[in-house]
Amino acid sequence: MQHQKETTTLPQALSSFDQMPDSSYVRLPVVRALYGVSTATIWRNCSKGLMPAPVKLSERCTAWNVGLIRADLASKAA
């Protein structure tokens, strides 16, 4: 029985995050990678107002605004 290697690939949006316009939106895997925290921590921090809240784009699609994420990350880095 062969074991497959677990490979983690970067979402396309993460690899091109710096080139995206501020009006773009990214999904949870990208936000999780940018902040380096778990999904639960992302939701907890959003509910506490410690990071930008997501926007419901449709019934089953939630995303974060790139401009707000950039500003938040910049303020945390300063």
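Quantities reported herein were computed from a predicted structural model and do not represent experimental measurements.
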Answer yes if [X] and [Y] sit in the same cluster of Ile, Leu, Val, Met, Phe, Trp and Tyr residues linked by side chain heavy atoms under 4.5 Å apart, and no otherwise.
| X | Y | answer |
| --- | --- | --- |
| L73 | V31 | yes |
| V55 | L28 | no |
| L68 | L34 | no |

Quick check: closest heavy atoms across [X] and [Y], and the distance to 0.1 Å?
| X | Y | answer |
| --- | --- | --- |
| R27 | T62 | NE-O, 3.1 Å |
| M51 | D72 | CB-OD2, 3.7 Å |
| C46 | P52 | SG-O, 3.2 Å |
| P54 | W43 | CG-CZ3, 3.5 Å |
| T39 | R32 | OG1-NH1, 2.8 Å |
| E59 | K56 | O-NZ, 2.8 Å |

Taking atom CG of N65 and atom CZ of R70, what is their separation to the nearest 0.5 Å?
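So the gap between those two atoms works out to 9.5 Å.
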
First locate atom OH of Y25, then atom CD1 of I69, and finally report the distance between them rounded to the nearest 0.5 Å.
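CD1 of I69 is found 11.0 Å from OH of Y25.
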
So does K76 have more than 12 non-hydrogen atoms from other groups sitting under 6.0 Å from NZ?
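Counting neighbours around NZ of K76, more than 12 heavy atoms of other residues, nucleotides or ligands fall under 6.0 Å, so yes.
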
Please assess Y35 against N45 for the test side-chain contact (heavy atoms from CB on, under 4.5 Å), listing each intermediate value before the final yes or no.
CA-CA 11 Å; Y35 282 88; N45 287 346; over 6 Å; no

Quick check against the 3.5 Å criterion: does S16 have a side-chain atom that pairs as donor or acceptor with the backbone of Q19?
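Checking the backbone N and O of Q19 against the side chain of S16, no donor-acceptor pair under 3.5 Å is found.
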
